[in-house]
Novice: 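Right, I'll just put the structure down here and ask away after.
These figures come from a predicted structure and were not determined experimentally. Throughout, a chain's letter reflects where its sequence line sits, starting with A, and its residues are numbered from 1.
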There are 2 protein chains.
Amino acid sequence: MLMTSPRQDKSTAAPAGKREEKSAAMRRRICEAATECFAARGYHRSSIKQVVDAAGVSLGALQHHFPSKDDLVEATATHLLGRSVKWFQRAKLNIAQDKNAFGDMIRQSWREQFTTDEYAALLEILVAARTDEDLRARVAPRLDDWRRAIEAELRDLVPGGDDGAGELEAVLTIGRCMMTGLLVHDGLIGDAGHMRKVIDAWVRLATGSGR
Amino acid sequence: MLMTSPRQDKSTAAPAGKREEKSAAMRRRICEAATECFAARGYHRSSIKQVVDAAGVSLGALQHHFPSKDDLVEATATHLLGRSVKWFQRAKLNIAQDKNAFGDMIRQSWREQFTTDEYAALLEILVAARTDEDLRARVAPRLDDWRRAIEAELRDLVPGGDDGAGELEAVLTIGRCMMTGLLVHDGLIGDAGHMRKVIDAWVRLATGSGR
DNA sequence: GACAAAACAATATGACCATATTGTTTTATG
DNA sequence: CATAAAACAATATGGTCATATTGTTTTGTC
C-alpha cells in the first residue's frame with residue numbers, strides 16, 4: 001500500500017524546523033489550494049476532495065487541520081484578508097506622495113488585488129457567507145478587521161482636510177464596493193478594457209478632476 | 001381511462017388561450033419560488049426540491065417547464081431583469097425633473113431595488129455564473145441587454161451635455177456596481193444605517209455637490 | 001368523439017459530498 | 001529509547017442532489 005503517497009520531499013523542508021512550522025506550512029498550502037478551487041469553480045462547487053487533490057495532500061491531513069469545511073473556509077478567508085493588508089502596506093511605501101497618489105493607488109489596487117484569483121476566491125466566500133449564518137458569524141468579524149486595518153493604513157495617504165477622516169472612509173468604501181460590483185456585473189461579460197474605463201471614471205470622480 | 005366528455009363546463013374555465021396562459025402562470029410561479037430560495041439560502045444550496053416545495057408544485061411540473069436547472073436559472077434571471085427594467089420605467093415617470101432627480105433616483109433604487117430578495121437572488125445567479133461556463137453563456141447576454149435597456153431608459157433624465165452619454169454610462173455603472181459591492185461587503189455586517197450613509201456619500205460625489 | 005400533444009405527477013437512479021471512523025507514521029520530550 | 005501526542009492516511013457512511021423514467025390527466029384540433 002501507500003504506493004502513491006503524497007509525501008513532501010524532505011530535501012527542501014527544514015529538518016531543524018519545528019512541528020509547528022511544518023503544520024503552518026501545511027495549513028498555508030491547503031488554504032492556497034482552496035483559493036485556487038474557489039476561484040476556478042466557485043465556493044459550493046469546490047469539494048473537499050478537490051481541494052485535497054489541488055493541494056496534493058491526503059484527506060486525513062486536511063481533516064486534521066480543518067475538521068469542518070467552515071474551519072477551512074474561515075482560515076482561507078483570514079489568509080486572503082491578511083495578504084491584502086500586507087499588499088496595502090507595501091503599496092503605500094511604493095507610491096510617491098504627489099497629487100496622483102490616490103489615483104495610482106486605485107488603479108494599482110484594481111490590477112494587483114481585485115483582478116486576481118485571490119479576490120475571486122474571497123468574493124466566493126463573502127457571497128456564500130451571506131446566506132450561511134454559521135459561516136457569516138465566522139467571516140464577518142474578519143472582514144470588519146480587514147476594513148479597519150486598511151483604513152488605518154491609508155489614513156495619512158490622502159491629503160484630505162479636517163473632515164478627511166469620514167470622507168476617506170466613504171471614498172474607500174465606495175471604491176472597494178464599486179470594484180467588487182464591477183467584477184460581478186461587468187466581469188461576467190469579460191471586457192477588461194471597459195472595466196478599466198470605469199476605474200478611470202471613478203478616479204476622476206473621486207479626485208474631483210475633470211469636472 | 002376515464003373518458004369523460006370535455007364539451008361542457010366552459011362557464012368557469014378560461015375561454016381562449018387557456019393552455020398557454022396557464023403555462024405562463026406556472027412558469028412565473030416557479031421563478032418566484034426560485035427567487036425566494038436563492039435569496040434565502042443562496043444559489044447552490046437551493047435544490048430543485050426546495051423550489052418545488054416553495055412553489056407548491058410537483059417536481060414533474062417543474063421539469064416539464066424547465067428540463068434542466070440551468071433552464072430554470074436562466075428563466076429566473078430573465079424574469080428578475082425584466083422586472084428591474086419595468087421598475088426604472090415606472091420610477092422615471094414618478095421623479096420630478098428638478099435638480100435632485102438623480103439623487104432621488106439613486107436612493108430610491110437602493111431602497112426598492114437593491115435591498116430586496118429579488119436582487120439578492122440575482123446576485124446569487126450572477127456570482128454562480130462567474131464560475132459556471134454554461135450558465136454564464138446563458139446569463140451574460142441577458143445582463144447586457146438589461147444594462148442597455150436601463151441606460152436607454154435614463155438617457156434623458158440626466159441633464160448632461162454633449163459628453164453626457166459616456167458620462168452617464170460611467171456614473172450609472174459605478175453606482176450599480178457600488179451598490180452591488182455594498183451588499184456583498186458591508187451587507188455582511190448588516191448595518192443598514194452605515195450603508196445608507198455610503199449611498200448618500202455616493203450621491204454627493206456623483207452630483208458634484210458639497211465639494 | 002377521437003387523438004395527439006402538452007401538462008402534470010410519482011418514483012428511481014447514480015453520482016457526489018461532508019464527515020466519521022479507524023489505522024499508521026512522525027515528532028517532541030522525559 | 002520509551003511513549004504519548006500530533007500528523008497523516010485510507011476507507012466507510014448517510015444524506016442530498018440533478019435528472020431519468022414512467023405513468024396519468026388535461027387541452028386543442030380535426
Novice: Would you check if A:Cys177 and B:Asp186 make a side-chain contact, meaning some heavy-atom pair closer than 4.5 Å?
Specialist: yes
Novice: Can you sort out the partners of B:Arg111 under side-chain contact (heavy atoms from CB on, under 4.5 Å), two or more places apart, ordered by chain and number?
Specialist: B:Gln108
Novice: Does a side-chain N or O of B:Ser23 approach OP1 or OP2 of C:dA7 to a distance below 4.0 Å, or not?
Specialist: yes
Novice: Under 4.5 Å between any side-chain heavy atoms of B:Arg130 and A:Leu183, yes or no?
Specialist: yes
Novice: Just to verify, what does A:Thr180 make a side chain to side chain donor-acceptor pair (under 3.5 Å) with, not counting sequence neighbours?
Specialist: A:Tyr119, B:His185
Novice: Of all the nucleotides listed (C:dA7, D:dA7, D:dA9), which has the minimum atom distance to the side chain of A:His64?
Specialist: D:dA7
Novice: Expressed in angstrom and rounded to an integer, what is the separation of B:Phe66 atom CZ from D:dA20 atom P?
Specialist: 16 Å
Novice: Go through the structure and list residues passing salt bridge (charged side-chain N to carboxylate O under 4.0 Å, His left out) with A:Asp145, not counting sequence neighbours.
Specialist: A:Arg148
Novice: Within this structure, what is the CG-to-P distance between B:Asp53 and C:dA10, rounded to whole angstrom?
Specialist: 12 Å
Novice: What residues form a ring-ring contact (aromatic ring centres under 6.0 Å, His included) with A:His65, not counting sequence neighbours?
Specialist: none
Novice: Rounded to whole angstrom units, what separation is found between the CG atom of B:Leu62 and the P atom of D:dC17?
Specialist: 14 Å
Novice: Between B:His65 and C:dA6, is there a side-chain N or O to OP1/OP2 distance below 4.0 Å?
Specialist: no
Novice: So which of B:Lys92, B:Arg147, B:Arg90 actually passes salt bridge (charged side-chain N to carboxylate O under 4.0 Å, His left out) with B:Glu153?
Specialist: B:Lys92
Novice: Name every residue in residues 123-135 of chain B that has at least one heavy atom under 4.0 Å from any atom of DNA chain D, in order of residue number, or write none if there are no such residues.
Specialist: none
Novice: Does the pair A:Arg136/A:Asp132 count as a salt bridge with the N-to-O cut at 4.0 Å?
Specialist: no
Novice: Shorter than 3.5 Å, N or O on both sides, protein versus nucleotides 14-19 of chain C: list them out with atom names.
Specialist:
unit_1 : atom_1 : unit_2  : atom_2 : d
C:dA18 : OP1    : A:Lys69 : NZ     : 2.8
C:dA18 : OP2    : A:Ile48 : N      : 2.8
C:dT19 : OP2    : A:Lys69 : N      : 2.8

Novice: Calculate the interatomic distance between A:Lys22 atom NZ and C:dA28 atom C1'; express it in whole Å.
Specialist: 13 Å
